Amino acid sequence: MSERGLYAITDSALLTDGKLLPYVEAALIGGARWLQYRDKSGDADKRLAEASQLAELCRAHDCQLLINDDLALADQLGVGLHLGQEDGSLSEARQQLGPQALIGGTCHASLQLAERALIDGASYIAFGRFFNSMTKPGAPAATPALLREARQRFSVPIVAIGGITLDNASPLLDAGADYLAVINGLFGAPDAETVQQRARQFSQLIHAS
Ligand SMILES: Cc1ncc(COP(=O)(O)OP(=O)(O)O)c(N)n1
Ligand SMILES: Cc1nc(C(=O)O)sc1CCOP(=O)(O)O
Ligand SMILES: [Mg+2]
């Protein structure tokens, strides 16, 4: 598992009209190291079908797949999981998915939530939002100073999320972020070629920092 990189997150509202697979494949070709399937439709059949296709793509491109919120789906596919504060027990997810599973926790702007997540078995901790987010405008705000403090305290991968673009990402990397979790700054593109270019540029930025 690479310890730094681009963490692409899908969005069912953004990746419509058949964009999901071509845009995700472009992100993987461009170097995304982790991919989170984030779908809020509630359509279980669609979610299983799409997540299964993404699992195949990720295997072909040596990318780790994680499922947002849904432990049962992650377990069914044998992939990772991301849990927020309202998504159930991280310790139970660790118990069910086993010691090797990639499991992450939302920590907003709280070092205490990060400590709790690590006690519960998280593989990584995610802080945010750092900038205005088109996808999740109401998320609590975090600062690069928090990332510096977290870098001092914790040895697990640190993820930054929320309104991240190629133009504003560098201070987060300088402050200690290992992964940049991005939705709109990556997938809010006019075509797959642009997604691939953005993924390459994010990957270069991360590995040069
Ligand atoms: C990498 C990463 N960090 C944070 C989140 C947000 O998770 P959550 O708070 O559960 O909100 P939803 O994404 O479920 O709306 C995330 N998904 N990924
Ligand atoms: C899903 C999510 N969680 C956040 C948090 O702060 O926990 S911000 C966010 C949205 C990320 O999308 P975009 O890159 O388009 O801003
Ligand atoms: Mg959630």
Side-chain angles (χ1 to χ4, degrees), residues 1-9 11 31-36 38 63-64 66-69 71 80-95 97 99-186 198-199 201-209:
M1 173 175 62
S2 61
E3 287 304 330
R4 305 199 81 201
L6 174 60
Y7 185 165
I9 302 182
D11 180 89
R33 303 303 312 134
W34 291 356
L35 175 76
Q36 183 183 129
R38 181 174 182 270
C63 177
Q64 296 276 339
L66 303 96
I67 305 296
N68 185 55
D69 293 349
L71 169 58
L81 177 69
H82 184 90
L83 293 178
Q85 294 300 319
E86 319 288 323
D87 299 326
S89 163
L90 200 151
S91 57
E92 287 176 13
R94 174 58 68 194
Q95 185 70 31
L97 297 181
Q100 300 305 317
L102 182 60
I103 304 175
T106 291
C107 304
H108 298 307
S110 169
L111 296 169
Q112 290 70 31
L113 286 177
E115 284 169 359
R116 178 75 256 171
L118 294 174
I119 289 166
D120 290 347
S123 316
Y124 70 83
I125 46 182
F127 297 101
R129 60 171 169 79
F130 288 93
F131 306 100
N132 290 332
S133 168
M134 289 175 69
T135 308
K136 201 162 185 177
T143 65
L146 176 93
L147 283 176
R148 291 189 195 283
E149 179 64 28
R151 184 73 290 156
Q152 291 295 317
R153 285 200 202 185
F154 308 116
S155 59
V156 298
I158 293 174
V159 175
I161 189 168
I164 298 175
T165 68
L166 285 163
D167 297 328
N168 65 27
S170 292
L172 303 180
L173 296 165
D174 295 344
D178 297 299
Y179 287 86
L180 300 177
V182 186
I183 300 180
N184 203 67
L186 175 63
R198 290 182 182 181
Q201 290 169 312
F202 271 116
S203 301
Q204 287 161 359
L205 204 60
I206 293 162
H207 292 293
S209 68

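Values in this document were obtained by computation on a predicted structure and should not be read as measured data. The first residue of the sequence shown is numbered 1, and numbering continues consecutively from there.
- In this structure, the salt bridge (charged side-chain N to carboxylate O under 4.0 Å, His left out) partners of Arg38, at least two apart in sequence or on a different chain, are Asp11.
- Side chains of Leu172 and Phe131 form a contact here, defined as non-hydrogen atoms less than 4.5 Å apart.
- The CG atom of Leu173 lies 9.5 Å from the CG atom of Leu147; values are rounded to the nearest 0.5 Å.
- Residue pairs meeting the side chain to side chain donor-acceptor pair (under 3.5 Å) criterion with at least one member in residues 156-176, sequence neighbours excluded, are Thr165-Asn168.
- Distance check, rounded to the nearest 0.5 Å: CZ of Arg148 to CZ of Arg151 gives 12.0 Å.
- Partners of Asp120 under the salt bridge (charged side-chain N to carboxylate O under 4.0 Å, His left out) rule, at least two apart in sequence or in another chain, are Arg116.
- The heavy-atom pair separating Leu81 from Asp69 by the smallest distance is CD1-C, 4.0 Å.
- Taking the six-membered ring where the residue is Trp, Tyr124 and Tyr7 present perpendicular rings, their angle passing 60° and hence far from 30°.
- By the salt bridge (charged side-chain N to carboxylate O under 4.0 Å, His left out) test, Glu115 pairs with Arg153, sequence neighbours left out.
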Does Arg33 form a side chain to side chain donor-acceptor pair (under 3.5 Å) with Ser203? I'd like the steps, not just the answer. CA-CA 9 Å; Arg33 303 303 312 134; Ser203 301; over 6 Å; no
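- The ring pair (Phe, Tyr, Trp, His ring centres under 6.0 Å) test applied to Phe127 returns no partner, not counting sequence neighbours.
- Between the side chain of Arg94 and the main chain of Leu97, no donor-acceptor pair closer than 3.5 Å is present.
- Closest heavy-atom contact between Asp178 and Pro157: OD2-CA, 3.4 Å.
- In this structure, the side chain of Ser110 does not engage the main chain of Cys107 through any donor-acceptor pair within 3.5 Å.
- Here the side chains of Ile9 and Thr135 are not in contact, with every heavy-atom distance at 4.5 Å or above.
- Atom-to-atom distance recorded for His108:NE2 and Leu113:CG is 7.0 Å, nearest 0.5 angstrom.
- Ile164 and Ala181 get closest at one heavy-atom pair: CD1-O, 3.9 Å.
- Of all heavy-atom pairs between Ala122 and Leu90, the closest is N-CD2, 3.5 Å.
- Put simply, CG on Leu118 and CD1 on Ile125 are 5.0 Å apart, with the number rounded to the nearest 0.5 Å.
- Atom OG1 of Thr106 sits about 10.0 Å away from atom CD of Glu86, to the nearest 0.5 Å.
- In Gln95, the CD atom is not crowded: 12 or fewer heavy atoms of neighbouring residues, nucleotides or ligands sit closer than 6.0 Å.
- Pairs passing the salt bridge (Lys or Arg N to Asp or Glu O under 4.0 Å) check and including a residue from residues 125-147, sequence neighbours excluded, do not occur.
- For the atom pair CG of Leu6 and CD1 of Ile206, the computed distance is 5.0 Å after rounding to the nearest 0.5 Å.
- Between Ala177 and Arg4, the closest heavy-atom pair is O-NH2, 3.0 Å.
- When all heavy atoms of Phe202 and Gly185 are compared, the closest pair comes out as CE1-O, 3.8 Å.
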